[in-house]
Amino acid sequence: MKRKGKWIVAGVISAALIGGGTGLAVATAGGDDSEPPITGSALQKASAAALDHTGGGKVTGTEVGDEDAYYEVEVTLDNGKRTDVHLDKDFKVVSSVADSGGDEGSGED
């Protein structure tokens with residue numbers, strides 16, 4: 001059985017693009033996923049909102065039209081854990097879910 005990855009890292013953009021000291025990696029959907037990656041100024045806004053919510057890390061994947069919200073931004077934290085941050089059309093956090101081990105995801109307070 002072949003396991004397909006959800007994200008493929010396509011490149012790295014300077015943190016200056018989002019106006020912070022954290023990194024931003026551009027990712028595209030891989031495999032059979034039909035949701036396109038976030039691009040352009042929306043990528044910058046969504047990334048900044050997600051990184052602010054998680055307190056830092058690196059953006060390692062994005063989707064427009066995710067089943068949980070308008071945007072989904074995957075953030076890999078410095079400790080290696082991943083969190084999916086779900087945003088509405090106005091880049092406001094509607095929820096976040098820890099992907100790998102440890103902490104439970106949380107909704108917006």
Side-chain angles (χ1 to χ4, degrees):
M1 179 172 8
K2 187 174 181 181
R3 185 173 152 176
K4 294 181 181 179
K6 186 173 182 180
W7 306 103
I8 299 172
V9 176
V12 177
I13 296 176
S14 169
L17 291 176
I18 60 172
T22 56
L24 171 66
V26 178
T28 60
D32 293 332
D33 289 351
S34 61
E35 294 86 6
I38 305 170
T39 60
S41 65
L43 173 61
Q44 295 171 15
K45 291 175 185 177
S47 297
L51 291 170
D52 183 56
H53 180 75
T54 61
K58 289 188 183 234
V59 172
T60 52
T62 67
E63 290 182 5
V64 176
D66 176 68
E67 68 273 1
D68 296 314
Y70 193 80
Y71 297 112
E72 179 180 282
V73 179
E74 181 184 83
V75 177
T76 300
L77 304 173
D78 293 337
N79 64 7
K81 292 184 180 180
R82 290 176 299 166
T83 299
D84 289 340
V85 180
H86 303 112
L87 307 165
D88 66 14
K89 285 184 179 185
D90 296 319
F91 306 100
K92 291 186 171 83
V93 176
V94 295
S95 68
S96 63
V97 179
D99 267 356
S100 57
D103 302 332
E104 292 289 320
S106 62
E108 179 65 12
D109 295 336

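All values reported here derive from a predicted model rather than from experimental measurement.
Contact record, Gly56 with Val75: O-CG1, 3.6 Å, taken as the closest heavy-atom pair. Residues Ser96 and His53 approach most closely at OG-NE2, 3.2 Å, considering heavy atoms.
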Task: Steps toward side chain to side chain donor-acceptor pair (under 3.5 Å) verdict (Thr60, Thr76) - done: CA-CA 6 Å; Thr60 52; Thr76 300; 3.0 Å; yes
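Interatomic distance, Glu72 CD to Leu87 CG, rounded to the nearest 0.5 Å: 9.5 Å. Taken to the nearest 0.5 Å, the OG1 atom of Thr83 stands 4.5 Å off from the CG atom of Leu77. The line from OH of Tyr71 to NZ of Lys89 is 8.5 Å long, rounded to the nearest 0.5 Å.
Partner of His86 under the side chain to side chain contact (heavy atoms under 4.5 Å, CB included) criterion, chosen from Val73, Asp68, Val93: Asp68.
Looking at Lys45 and Ile38, their side chains never come closer than 4.5 Å, going by heavy atoms from C-beta outward.
Side chain of Asp90 to backbone of Lys92: no donor-acceptor contact under 3.5 angstrom is found.
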